[in-house]
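What follows is a short report on a single structure.
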Protein chains: 2
Amino acid sequence: MFDPAQKSFANPASNAPSTSHSANVIPINSHNIKIACSNCNLRELCMPLGLNREELDQIDTVVNMRRKVKKGSLLFHNGDKFTSLYAIRIGFFKSFVASEDGHEQVTGFQMAGEVLGLDGIASDSHTCNAIALEDSEVCLMPFDRIEELSRDIPSMQRHVHKIMSREIVRENGIMLLLGSMRAEERLAAFLLNLVDRLHARGFSQSELVLRMTREEIGSYLGLKLETVSRAFSKFAEDGLVEVDKRNIRILRSDLLREMISRPECD
Amino acid sequence: MFDPAQKSFANPASNAPSTSHSANVIPINSHNIKIACSNCNLRELCMPLGLNREELDQIDTVVNMRRKVKKGSLLFHNGDKFTSLYAIRIGFFKSFVASEDGHEQVTGFQMAGEVLGLDGIASDSHTCNAIALEDSEVCLMPFDRIEELSRDIPSMQRHVHKIMSREIVRENGIMLLLGSMRAEERLAAFLLNLVDRLHARGFSQSELVLRMTREEIGSYLGLKLETVSRAFSKFAEDGLVEVDKRNIRILRSDLLREMISRPECD
DNA sequence: CGACACCTTGAAGAGGTTCAAGAAATGTGG
DNA sequence: CCACATTTCTTGAACCTCTTCAAGGTGTCG
């Protein structure tokens, strides 16, 4: 059934190096050129394509630090001064905003190759929080440097714009979900989205390990954790997915997809 | 700027010129230099501050066209090729996405000085729709030109980034609203946000004219139009606002504000 | 092993939706 | 300018989905 050894079931971070490196900030210098962007297998996710050698060398100067973020600790939080964007190298994050009364709204889940911190540009300080849901590692990309490079390399500039626009489009989709879908439709959309993104990273199309709690899923989807739990049970009962705690196997993605394209009867 | 004489109850577009100009695309040339960005009273909303003369001249080359958009007609729609951003000069828009089953989710309402079209950058084609809720006029800013200028003028570059980031932050706020607030709290947040933005444009802090239907408000807030209507009636009954069709006067903004900071009892 | 976080499930309850009817405003064409 | 059709808004009543409250179960980590 679920085989943790296989890549097919793995999560982007399942092969996270568990080095016993004590520092969690790793300067990047000429000695370990190997971990430059130009050699990174996530480059196609973080950086523009079709660069020449010279431009690649420039790109390598964007990331000047890496930072390990232990499971459960904050990458940044509301009010922090904004200086850098963060490209996730390894791991999994949630980002969330908090209302004055303390309610926590998850605004997204981010995985390897995705960028965190875009919220900070507007006011030079972060307006949301990002927390690692498993031991993670991010590349720090000082925003000043990104802007400099964008001025020199048009494809870099376009890339930055696309990343931001993509986030706007993603949030439009969430608004549609929150504004019009029922509980089970929301969960179906959520699972399909997650598994698509994992698949784009080389993982299974049908199996995934949830890195977040039912409560966090609920917050993201505008539901209570009990409702999420019930929806999972319903899916399992109907044979749409197999649910074993946080291990999910999608059996009928076709039917899940139908749920979200044709809400209910109609 | 906006005629202060009718400021108090006016809407940004209440003094929209109703010229009988037959063409609705207006080329900009040296003959009507008066309507260049550098002379536009909305410049501080669309464009960066602190530019020198030379930079201002460059900025004036961004907007190469204006376009009138009649009430009820589309500025762009899902699938249209993306070429330009649109700065609203006069009027009021809604943007919305549509799901496969035809459900329409309003993703935002935009007024003079705000920018439309950011969704198109991600995939070079628009993923949402924008429709004028009253006779409007927009400035076309070809995105290639914006990128060129961003490379030359760092403050322009930063400005573009801030506009996009602001949109991301705004959408985070909507997610919080949709994910955790009750009907009346949502409407309170909506009204306060609208009146704040109008106030920033020189209008009243307490009076506004809604340009959209109850159904459109409901779509934006994830509610049915009946619920919106009932919430308005409740507010009126409780003396928080005066409601006369689409004319709204806010009587107790303090109490409205309380509603959204301390959802319910606590 | 015990404390704690997480998950599941049931039952009661609330908030919002749906359905329905009527009133008021808006627009259209003669 | 009026008559008529259409859109928009309000309000009531029944219904339904999700939430709330509660209890028990399972897994994890010190």
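By convention in this document, chain letters (A, B, ...) are assigned in the order of the sequence lines, proteins followed by strands, and residues within each chain are numbered from 1. All values below come from the heavy atoms of this structure, side chains included, with hydrogens, waters and symmetry mates left out.
Using a 30° and 60° split on the angle between ring planes, A/H126 and A/F76 fall in the parallel class, below 30°.
Ion pairing between a basic and an acidic side chain is recognised when a charged N comes within 4.0 Å of a carboxylate O; A/R201 and A/E114 show such pairing. The pair B/E100-A/R257 does not meet the salt-bridge criterion, since no charged nitrogen lies less than 4.0 angstrom from a carboxylate oxygen.
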Polar atom pairs between nucleotides 9-13 of chain C and protein, under 3.5 Å, N or O only, would you list them?
{"residue": "C/dT9", "atom": "OP2", "partner": "A/S233", "partner atom": "OG", "Å": "2.4"}
{"residue": "C/dG10", "atom": "N7", "partner": "A/R230", "partner atom": "NH1", "Å": "2.9"}
{"residue": "C/dG10", "atom": "O6", "partner": "A/R230", "partner atom": "NH2", "Å": "3.2"}
{"residue": "C/dA11", "atom": "N6", "partner": "A/R230", "partner atom": "NH2", "Å": "3.4"}

Can you tabulate the close N/O pairs, meaning under 3.5 Å, that link protein atoms to atoms of nucleotides 26-30 of chain D?
none

For side chain to side chain donor-acceptor pair (under 3.5 Å), just list the numbers for A/Q110 and A/S95, CA-CA rounded to whole Å, side-chain angles, deciding distance to a tenth of an Å, and then say yes or no.
CA-CA 8 Å; A/Q110 290 81 21; A/S95 42; 3.1 Å; yes
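Although no hydrogens or angles enter the test, the distance criterion places a donor-acceptor pair under 3.5 Å between the side chain of B/S219 and the main chain of B/V106.
The nearest heavy atom of DNA chain C to A/T213 and to B/E184 marks one nucleotide each, and the one closer to the 5' end goes with A/T213.
In this structure, CG of B/L133 is placed 11 Å from P of D/dT8, rounded to the nearest angstrom. Between the P atom of D/dT17 and the CG atom of A/L187 lies a distance of 17 Å, rounded to the nearest Å. Counting to the nearest Å, the P atom of C/dC7 and the CE atom of A/M212 are 11 Å from each other. In this structure, CE of B/M181 is placed 18 Å from C1' of D/dT19, rounded to the nearest angstrom. Atoms NZ (A/K224) and C1' (C/dG15) sit 13 Å apart, rounded to a whole Å. B/R246 has its CZ atom 10 Å from the P atom of D/dT10, to the nearest Å. A straight line from CG of B/D244 to C1' of C/dA24 spans 11 Å, rounded to a whole angstrom. In this structure, CG of A/L223 is placed 11 Å from P of D/dT20, rounded to the nearest angstrom.
Taking side-chain N and O atoms only, A/R214 has no distance below 4.0 Å to OP1 or OP2 of C/dA5.
Atom CE of B/M181 and atom CD of A/Q105 lie 10.0 Å apart (nearest 0.5 Å).
Computed from C1' positions of five pairs at each end, the angle between the two local axes of the helix from C/dC1-D/dG30 to C/dG30-D/dC1 equals 50°, rounded to 10 degrees.
Side-chain contact between A/L178 and A/R186: present, with at least one pair of heavy atoms (C-beta onward) separated by less than 4.5 Å.
For residues 170-180 of chain A, the salt bridge (Lys or Arg N to Asp or Glu O under 4.0 Å) pairs, not counting sequence neighbours, are A/E167-A/R170.
Counting non-hydrogen atoms under 4.0 angstrom, B/G222 reaches the backbone sugars and phosphates but no base.
B/K234 meets the side-chain contact (heavy atoms from CB on, under 4.5 Å) test with B/E184, B/D238; sequence neighbours excluded. For B/E226, the side-chain contact (heavy atoms from CB on, under 4.5 Å) criterion is met by B/K224, B/R230, not counting sequence neighbours.
Results of the salt bridge (Lys or Arg N to Asp or Glu O under 4.0 Å) test with B/E134 over B/K70, B/K94, B/K68, B/R211 single out B/R211 as the only residue that passes.
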